[in-house]
Amino acid sequence: MSDFESESSVGFQRRRIFLMTFAITALLVFLLFPNHNLNPPITTRQTSFLTTGVESGGSSQNRKDQNSFSENLLRNDSENLDDILKPPSQEWAQEQFQNALNMLNQTYKNPSTWQSCGYQTYYFQNIATLFTGIPKTGCSNWIEALLRANGDLSQQLDPTKVRRVHGGISGRHRITHIRGKVDPEALRKAFSFTVVRNPWTRMVSGFRDKLSEEKTQGGSFRGVGIGIVKQMRNITDREELRNLYPTFTEFARWLVNHKGTGNSHFHQQYKTLCIPNVRYDFIVPLEYAGVLNQDVWGRINANTSLLGSYDKSSDPRLQKSALYAKEWLSKIDQETIDQLYQLFKVDFALMNYSNFTDPNFPLPLHHNIPDL
């Protein structure tokens, strides 16, 4: 045997011993720690709002739970996504609206009196359709699509310019503008629908869009934001206030202090809905709008579509508003969370909406949702 062959054989034997040692070590680790997991899934907790424990200052752990939660959802997407994104029946949705009315000790009036509704309700005469657009439920996209279906727009708007629909082009369709000009019987025969949203994600969306310092969308309600900072931080210097923005926690506590607000972007959804004076033919939970919008267009025989979501994820549980809500709400003390729930409890009842601790947040809690 040559020296080269001898050295090669020795080297081979050494590598073989090393690999066997590594394999045995790995096997021992597996046997000794069978349940070890660097990314444990988020703990499923009860969905009762008044008994949900929230640890203040736990933002680091919350981010770990949130990341694990997202990874767990992605692993289950191929098996569960179709079932999870299957919307509740309209019969079930109508039952939830009735439950919300029961909380208010009210019953539907018959017939519906659409003339009594506010400026967020629209009537599109050419397609005989009534729509109540609650701010921060995607109402701009719905109004844009309805304007196209009604013949007011010849083509789809650029998504970045969708806010143009809130001007005169849609103003002439507001109930407050046409009140007394349209036969009440025509209104009663028209197809009517509305869109509602989980109050937690709607709260986050309203904050990000109107009050935050996000460059892409925040700060359009600058005066309100400065007022919140002034009150919550006891700052009176105008120059100092000019460059300050409220945090989400400050916004949440401000809502509690003011028992909600008169601004429709922040106050309770049921106050915009015009119930019990009217009953809607169709109710769309925003979380299922991607599916249910086709049912709406079918009802009015319109060849149209929504502009689409601003979020890249089609799964509502993985969209930014849901992930931000889980993180930001977990940082707020339990007393404030309970007060917020009491403030918006009728809105939660509108679609039996899940709490931010639920693994399927922000979806409605209906029988179609499988356990993860």
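Just so it is clear, the values below take in all heavy atoms, side chains as well, and ignore hydrogens, waters and symmetry mates. Just so we're clear, the structure is a prediction, and the values are computed from it rather than from any experiment. All residue numbers in this chain count up from 1 along the given sequence.
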Whether over 12 other heavy atoms sit under 6.0 Å from N303 CG = no
Are any of the side-chain heavy atoms of K326 and Y324 separated by less than 4.5 Å?
-> no
The complete set of disulfide bond (SG atoms under 2.5 Å apart) pairs with one or both residues in residues 85-143, sequence neighbours excluded, reads C117-C274
Output all residues satisfying side chain to side chain donor-acceptor pair (under 3.5 Å) with Y122, sequence neighbours left out; order by chain, then residue number.
-> R174
Does N301 CG have over 12 foreign heavy atoms under 6.0 Å away?
-> no
Short side-chain to backbone donor-acceptor contact, Q268 and D347, under 3.5 Å | no
Would you list the pairs meeting disulfide bond (SG atoms under 2.5 Å apart) in which at least one residue belongs to residues 151-212, sequence neighbours left out?
-> none
Any luck finding a side-chain donor-acceptor pair between D338 and Q334 under 3.5 Å?
-> yes
Going by distance alone, is a donor N or O of one side chain under 3.5 Å from an acceptor N or O of the other, for Q319 and D315?
-> no
Restricting to pairs with a member in residues 283-301, which pass salt bridge (Lys or Arg N to Asp or Glu O under 4.0 Å), not counting sequence neighbours?
-> none
Go through the side-chain N and O atoms of H173 and D152 and say whether any donor and acceptor fall under 3.5 Å apart.
-> yes
Carboxylate-amine/guanidinium proximity below 4.0 Å for D333 and R253 | yes
With a 3.5 Å cut-off and sequence neighbours excluded, list the donor-acceptor pairs that the side chains of residues 183-198 form with protein atoms.
from	atom 1	to	atom 2	distance (Å)
D183	OD1	E185	N	3.1
E185	OE1	R188	NE	3.3
E185	OE1	R188	NH2	3.0
S192	OG	D281	N	3.0
S192	OG	D281	OD2	3.2
T194	OG1	T132	O	2.8
R197	NH1	K136	O	2.8
R197	NH1	S205	OG	3.4
N198	OD1	W200	N	2.9
N198	ND2	S354	O	3.0
N198	ND2	P362	O	3.1

Say you draw a straight line from OG1 of T261 to CZ of F251; how long is it, rounded to the nearest 0.5 Å?
-> 8.5 Å
Output side-chain donor-acceptor pairs under 3.5 Å for residues 105-115, partner residues at least two apart or in another chain, one line each.
from	atom 1	to	atom 2	distance (Å)
K109	NZ	N277	OD1	3.1
S112	OG	R279	N	3.1
T113	OG1	S116	OG	3.3

More than 12 heavy atoms from other groups under 6.0 Å of CD on Q156 | yes
Do the side-chain N and O atoms of Q231 and H258 include a donor-acceptor pair separated by under 3.5 angstrom?
-> yes
